Each structure stands twice: as structure tokens, then as C-alpha cells.
Amino acid sequence: MKPFNNSINKLTSLSDALNTIFSEAFRTCGLDSEYGHVTISQRPDLSDYQCNGALAAAKGAKKNPRLIAQEIINIVKDNPIFTSLTIDGPGFINIKLSDQFLMNQAQLVCKGEYATLLSSNSKKKTIIDFGGPNIAKPMHVGHIRSTVIGDCLQRLFKFLGVPIHSDIHMGDWGTQMGMLICEVQSGFPNLPYFDANFEGPYPSESPVTISDLEEMYPKAATKCKSDEKEMLKAQQATVELQAGRKGYRALWQHFVNISVASLKEDFSQLDVTFDLWCGESHYHDQIPEMIKSLKQNNLAVISDEALVVPIEGENEQEIPPLMLVKSDGGYLYGTTDLATIQERVSDFGDELILYVVDKRQGLHFQQVFLAAHKTGIANSQIRMEHLAFGTVNGTDGKPFKTRAGGVMKLKDLISLAKNEAFKRIEEINGAEKYDENTKSDIANKVGLAALKYGDLMHDRQSDYIFDLSKFTRFEGKTGPYILYAAVRINSILTKAVEQKLAIGPITLLNGNERDLLLELCKFPDVILNAYTYRMPSYLCTFCFDLAQQLNRFYLQCHILKEQNKDLQSSWLGILQLCFFQLETTLYLLGIEIPDHM
RNA sequence: GCGCCCAUAGCUCAAUGGAUAGAGCAGCGGACUUCUAAUCCGCAGGUUGUAGGUUCGAGUCCUACUGGGCGCACCA
């Protein structure tokens, strides 16, 4: 056998490594190295990986694509990582990797030094903004998306060694706060918060509870919508709050405190954490200074009594200006967003800002990003991305509602998922061996897995149909299906350890496990793709494919009963690698694996 | 009116311009004295909304049309 001198000895994505080899070959042939692009094969019956560059290069080179393919193959064929290179069809290069190489690669893939996958200069200091929930308004189904997608991305960035911090960025500073103040005032006009002459101190106890707030919010909002006078009052109160009226600030602080406590409870249920709990109010004090400077530099101008930053898109595309100050003197969320960018860039030194926000706010972010760049608040080095996501619909295809037609609270949704999971667990064979506590612990993990996987598996940008009974099933592309596969192999591994069996090294002896090993070697590719496109769904697809491949293998090869000890330890090595990848992928999705199911 | 997005199997969704458009569910037919069958295998199911165009090659890119969703300065 040829020496393995051209092998790849550090953790890398396989298609990147192959790209390098083929790009070099194309360059040697005097062709553009871009043609050396290698992808995972679309014809697994013919190859592991494929390169289509010869087809694309043919016209420019005025050569038969098969001829080019042959030249390329001649250059790379001595590399021992290949077992065969063939030309098929009009000029596809089909690549089959050697077993030896796959085994070598498997060792690298399971070492797990994933923070080295990205070059250090590509790791920009990043902040991820969850486009926060509103104070006083309970989180609903829609919030599941930003929470779960944003959390997955922050885990993924950290896993790859990208410095990232997360900010919930609560909505605590808009007109809705004025509405609530007025609502409390109409119910309890005698509270000291409304007495402009009150000297303090204000009560330390909040006059309202979180459920009061949750009830008042929609009431106040409808009132303001239908009654212009109420709206004016609310807007006036908002302006006074923002201007620093003491009683309003004290009352507002109560709202914030009790809301944050409730939000933290919800997020801890979902196992999601934030580094920063800043709200829009946090940036308020910086706004006057920012506006002054923008006015001085003629970047903000008066239009219809409001202060705006005029902007234009590429190709002179007309885009409405970003409004900073309303004619009544109040600020808008675009104002806060701009001030927020200023702080993130100049105080924290962030170079990449990610916004995980509903896609319907696309225009808003387009305005904010353009304004930030135009005004120099963000220089050209700063990159801002709106990671837009679609809406959650019910099984009727329309925005998700409860049976009564109302908005479903996130809290209720979570317990619904957990209850559903509990029911399914009770139905299965052998459920009686678990006590109630164990069952409810399993149900919690399974329910959450169902919910998160059901969301994350869908393309981030598309709307999707929320079907809890489908998501909680144990069959098909669901969280529980994947958890079950993970639990089963974990149980075999535990038994193997108990029986003091050797785990690894991975050697391909039987051939049944080659497909599985190939799947495992795709892992770095998948991780990088999910990172590059900020797409949690790529992780979901991968762990489903892996779980299914694993189930196939599991049925074919009876590991613990295997008599050939070398084969057995290799299988166990593969199993351990599978578990590592399932566990890691699920961790990145924010899903925890129970001990039993 | 202007702009953005979407249309793929009965349903829910995949498919970095490449070969025979794939999964899951539902349907039908198989495989268990289980390392947890909560699994696996097979069959059936398609004019990729319509009409043109670009390309060696189009579900994918361009144009028009049809149907649906969303957004367009004093809410967030």
C-alpha cells in the first residue's frame, strides 16, 4: 500500500479538503480553480463525493469535458485518500474514498477540536439580538421562533469558538408603556405614582402582579386603538415617562421587575440563557447626544415635523427614511435600534450584529442598517444581519390561535407539549417500570425536544404549520425519534462499559458500517454549513439522517453478541462516535437527552 | 399604487445550475422468542402553478402571467 503522506491530518470539513485538492488540479491544468468545487455525492450508488467542474470548464477551454475530467484525475489519482475516481455521464467525476482514509478521518472527527474549524481572523466579535419580548405582554407562540433559533445560533457560534454574547433586547420603552401607565391610573387614580407633587419614597411593592399586567395589556391596547383620546393620553404618558417623570419611572420599574422575573421563568423552562438583559430603555440616555450629532452633521433632517434620516438603497432604490423623533417629541424603535448599534460597536467592539427577528420587519432592518452605515454609527467593517424567520401557523394554514381564537401563551404551549409527551410515554410498553418522577422528567425532555425540533427543522425563513400531535410523535422526523435513537445507543455503550468491552479503534472490517462512517465524516461539513448560512435546520436534517442510518445499522449488526472481538470494538467505536455527534448536534439545538425512554 | 416572499407527491416539507426531483406522514405489503420493534425493508404516489427565455444542462437564473402571503414615516 502507498504511504499515507498526502492524508489530511487535522480536523477539517471533508468537502473543503477535497476542494483544495481538486482546485489545485484545475489550476495545474491552466483552468480556474473555482471549477475544483467538490460536493457530497448526489448519487451515493456511484460515489461518496463528486466534482462537476469539468463540465463547467469545457466551454471556456473548448475541450471535451470528459477529456478535462481525465486530466484532472491523472493529477490527483495517486493520492491514497481515493479508492476510485471515475468519469460518468457527460463528465462528472465520481470520487470514492478509501476505507483507510475514512477510518483516519473518523478519528479526527471524534477528537472534537471544533473550535479550530474556522480561521481565527474569520471569528468576528458577535452579538446576537433576540428582538426581545415586550414587557407585560406574555410570550406567545411567535416567540418560540426567535428564542429557539437564536439560542441554537449562539450555541453554534460558541461551539466554533466565535466570541458571541446574546442580548434579549426587551421591548420596555415604547407607547405600550404609556398605555399601561394610563390603564393603572384609570383603575387606581389615587396611587402616589400619579401625583406630580409626591416627594417619595414610592412603595417597594408593585401595585400590580404579572397576571394583572397580562390582563391589562390587551385591554389597554384595544382601548387605544378604538379611542383616539386614549391613544393621545398614552402617548403623552410615554413622552413624560421617557422625559423622566419620577412617579412614572417608579411605576415602570415595577412593571419591568415583575415582567423580567416572569420572562426568566419562561426562558429557564426552555433552557435558554442570555448574557445581557438590556431593554430598549437601556439606550435611552444616549439618544439625545446621538441626535444632536446627527443633526449637526446634517445626516438627520426635519420632514413633516418629524426628524428623519433619509436613506436610499442600492441602484437608487427608493426606501422610506428612518424616523428618529416623532412630531410629538417621542422616540421610536428605530431610534433605539440606532443608539443600540452605537453602544454595541463603540463600547463593546462588536463587529457582527445578528438580529433574530420576524421576517415582516425586513424593511425596518433595511432602514436601520442603511442609516447606521450612512451616518457612520457603524463603519463599513461592521456587519449587521437580519436573520429573518417566518410565522407560525395553525393546521388551517392561518396564524396559530387557541381553540377559542385567542393567542396561545408560550407557557401553555410548553406544558401542552410536555403533557402530550407524558401521555405517549404512558402508552408504551414497559412504561410501568418508571415511577411518576422519572416519567415526568422524561416527558419534560421529550416534550421540549418535540417543540424545539418541530420548529428548528423547518427552513428558518419559511412559515411553518405548528402541529403538536405531529411533533410529539415517536415516528418520523421528530425530536422524540432522534432522542430514542440516542438513548438506545447510549444504553448499549453503558452495557459495553459494564462488560468491560474494548471501545474502538474503528476499523472497517465488515462493510456494513461503511455508510454510517461516511455519514459521520460529514459532520464538520454540516456544522460549517449551518454556521455559514445561520441555518439550524441543517443540523436537524443531519441528526435525523444519522439516527436513521444508525437504526439501520443497529438492526443489521448485533453488537453485544458479536463474537469477533475486533469487529465488536470497532462497532462500539463507531457507536461512540455516533453518540458524540448526536449529543453534540442535539446540544446545539438546545435539546437534552434523557437517560431512559 | 410600489416593494418583498412563496407555489414541488393526497398532507407537511427537502433538493450549494448537474445525473433517475428526495424525505417524513397517511396508504398497501413484508421483517420481531428486542443490545429498548418507539425500529427496519419494499411497493405505490410528480407535466416542480402557467407561458416563454438564458444554458452543454433549469425545481433552482431572467421576463410575463395566475394564485396566495406579507410590508410600505409619526405602533413595536
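Remember, it's a predicted structure, so these values are computed and weren't measured experimentally. Below, read A as the first sequence line, B as the second, and so on, with proteins coming before strands; counting in each chain starts at 1.
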**OP:** Determine the contact category for A:I319: base if any of its heavy atoms lies under 4.0 Å from a base atom, sugar-phosphate if only primed atoms, P, OP1 or OP2 are that close, otherwise nothing.
**Re:** nothing
Subject >> Distance between P atoms of B:A9 and B:G71 (Å, rounded) >> reply: 27 Å
Subject >> B:U54 and B:C61, which share atom name C1', separated by this distance in whole Å >> reply: 8 Å
Original post:
Side-chain N or O of A:Q549 less than 4.0 angstrom from OP1 or OP2 on B:C40?
Top reply: no
**OP:** Apply ring-ring contact (aromatic ring centres under 6.0 Å, His included) to A:F369 and A:Y355, showing your working.
**Re:** CA-CA 11 Å; A:F369 297 169; A:Y355 295 86; 5.5 Å; yes
**OP:** Specify the separation, in whole Å, of atom CD of A:Q367 and atom P of B:A76.
**Re:** 13 Å
Original post:
Does the ring of A:F92 lie flat against the base of B:G18, closer than 5.5 Å centre to centre with planes under 30°?
Top reply: no
**OP:** Provide, to the nearest angstrom, the distance between the CG atom belonging to A:L307 and the C1' atom belonging to B:A73.
**Re:** 12 Å
**OP:** Please work out if A:M231 contacts a base, only the sugar-phosphate, or nothing of the nucleic acid, heavy-atom cut-off 4.0 Å.
**Re:** nothing
Original post:
Can you list the stems that RNA chain B is part of, where a stem is at least 3 pairs in a row, each Watson-Crick or G-U, with both distances below 3.5 Å?
Top reply: B:1-5 with B:68-72, B:10-13 with B:22-25, B:27-31 with B:39-43, B:49-53 with B:61-65
Subject >> Lys/Arg-Asp/Glu bridge criterion (N-O < 4.0 Å) met for A:D48, A:R514 >> reply: yes
Original post:
Does OP1 or OP2 of B:A14 have a side-chain N or O of A:S462 closer than 4.0 Å?
Top reply: yes
Original post:
Which part of the nucleic acid does A:H364 contact within heavy-atom distance under 4.0 Å: base, sugar-phosphate only, or nothing?
Top reply: nothing
Original post:
Is the distance from OP1 or OP2 of B:A23 to the nearest side-chain N or O of A:K477 less than 4.0 Å?
Top reply: no
Original post:
Contact class for A:F544 (heavy atom, under 4.0 Å): base, sugar-phosphate, or nothing?
Top reply: sugar-phosphate
Original post:
So what does A:P90 touch, heavy atoms closer than 4.0 Å: a base, only the sugar-phosphate, or nothing?
Top reply: nothing
Original post:
Taking 4.0 angstrom as the limit, do A:D45 and A:R43 come out as a salt bridge?
Top reply: yes
**OP:** May I ask you to say what A:G174 touches in the nucleic acid, namely base, sugar-phosphate or nothing, with a heavy-atom cut-off under 4.0 Å?
**Re:** sugar-phosphate
**OP:** Let me know, please, whether A:A56 or A:A306 comes out on the 5' side of the other along RNA chain B by nearest nucleotide.
**Re:** A:A56
Original post:
Hey, does the side chain of A:Y538 come within less than 4.0 Å of B:A14's phosphate (OP1/OP2), counting only N and O?
Top reply: no
Original post:
Under 4.0 angstrom, heavy atoms only, what part of the nucleic acid is A:D88 near: base, sugar-phosphate, or nothing?
Top reply: base
**OP:** Report the distance from atom CD of A:Q42 to atom P of B:U20, rounded to the nearest whole Å.
**Re:** 11 Å
Subject >> Cation over ring face, A:K439 and A:Y434, 6.0 Å, 45° >> reply: no
Original post:
Expressed in angstrom and rounded to an integer, what is the separation of A:R360 atom CZ from B:G68 atom P?
Top reply: 19 Å
Subject >> base_contact_polar (B:C35 base, A:S491 side chain, donor-acceptor, <3.5 Å) >> reply: no
Original post:
More 5' along RNA chain B: A:K470 or A:Y333, using each one's nearest nucleotide?
Top reply: A:K470
Subject >> Under 3.5 Å donor-acceptor pair, A:N94 side-chain atoms to B:A19 base atoms >> reply: yes
Original post:
Salt-bridged, A:K359 to A:D463, with N to O below 4.0 Å?
Top reply: yes
Original post:
So what does A:I465 touch, heavy atoms closer than 4.0 Å: a base, only the sugar-phosphate, or nothing?
Top reply: sugar-phosphate
**OP:** May I ask whether A:H458 stacks on the base of B:C13, given the cut-offs of 5.5 Å between ring centres and 30° between planes?
**Re:** no
Original post:
Looking for any heavy atom pair under 4.0 Å, which part of the strands does A:C540 touch: base, sugar-phosphate only, or nothing?
Top reply: nothing
**OP:** For A:Q548 and B:G42, give me the distance from atom CD to atom P, rounded to whole Å.
**Re:** 10 Å
Original post:
Starting at CG of A:L332 and ending at P of B:A76, how long is that distance when rounded to a whole Å?
Top reply: 5 Å
Original post:
How many Å lie between CG on A:L370 and C1' on B:G3, as a whole number?
Top reply: 14 Å
Original post:
Contact class for A:R473 (heavy atom, under 4.0 Å): base, sugar-phosphate, or nothing?
Top reply: sugar-phosphate
Subject >> Reference residue A:W173; test ring-ring contact (aromatic ring centres under 6.0 Å, His included); the match among A:Y333, A:Y331, A:Y283, A:W252 >> reply: A:W252
Original post:
OP1 or OP2 of B:A76 less than 4.0 angstrom from a side-chain nitrogen or oxygen of A:N134, does that happen here?
Top reply: no
Original post:
Base, sugar-phosphate, or nothing: which does A:T175 touch, judged by heavy atoms less than 4.0 Å apart?
Top reply: sugar-phosphate
Original post:
What do you reckon, are the aromatic ring centroids of A:F471 and A:F466 less than 6.0 Å apart?
Top reply: yes
**OP:** Would you indicate, yes or no, if B:A76 has its OP1 or OP2 atom less than 4.0 angstrom from a side-chain nitrogen or oxygen of A:Y355?
**Re:** no
Original post:
Within the structure shown, what part of the strands sits under 4.0 Å from A:D304 by heavy-atom distance: base, sugar-phosphate, or nothing?
Top reply: base
Original post:
So what does A:V487 hit on the nucleic acid, given a heavy-atom distance under 4.0 Å: a base, only sugar-phosphate, or nothing?
Top reply: base
**OP:** Considering only NZ, NE, NH1 and NH2 on the basic side and carboxylate oxygens on the acidic side, decide whether A:R534 and A:E385 come within less than 4.0 Å.
**Re:** yes
Original post:
Does one side chain, of A:K233 or A:Q236, offer a donor that lies under 3.5 Å from an acceptor on the other?
Top reply: no
**OP:** Quick one: label A:Q556 by what it contacts on the DNA or RNA (base, sugar-phosphate, nothing), any heavy atom closer than 4.0 Å.
**Re:** nothing
Original post:
Has A:R552 got a side-chain N or O lying under 4.0 Å from the OP1 or OP2 atom of B:C41?
Top reply: yes
Original post:
Is the shortest side-chain N/O distance from A:K398 to OP1 or OP2 of B:G69 below 4.0 Å?
Top reply: no
**OP:** Take the protein atom CZ of A:F365 and the nucleotide atom P of B:A76, then report the distance between them rounded to whole Å.
**Re:** 13 Å
Original post:
So is A:R424 actually on top of A:F422's ring, under 6.0 Å and inside 45° of the axis?
Top reply: no
Original post:
What interatomic distance, in whole Å, is found between C1' of B:U8 and the corresponding atom of B:C28?
Top reply: 24 Å
Original post:
C1' atom, B:G59 versus B:U47: distance in rounded Å?
Top reply: 13 Å
**OP:** For A:R473, enumerate each residue passing the side-chain hydrogen bond (donor to acceptor under 3.5 Å, both in side chains) test, keeping only those at least two apart in sequence or located in another chain.
**Re:** none
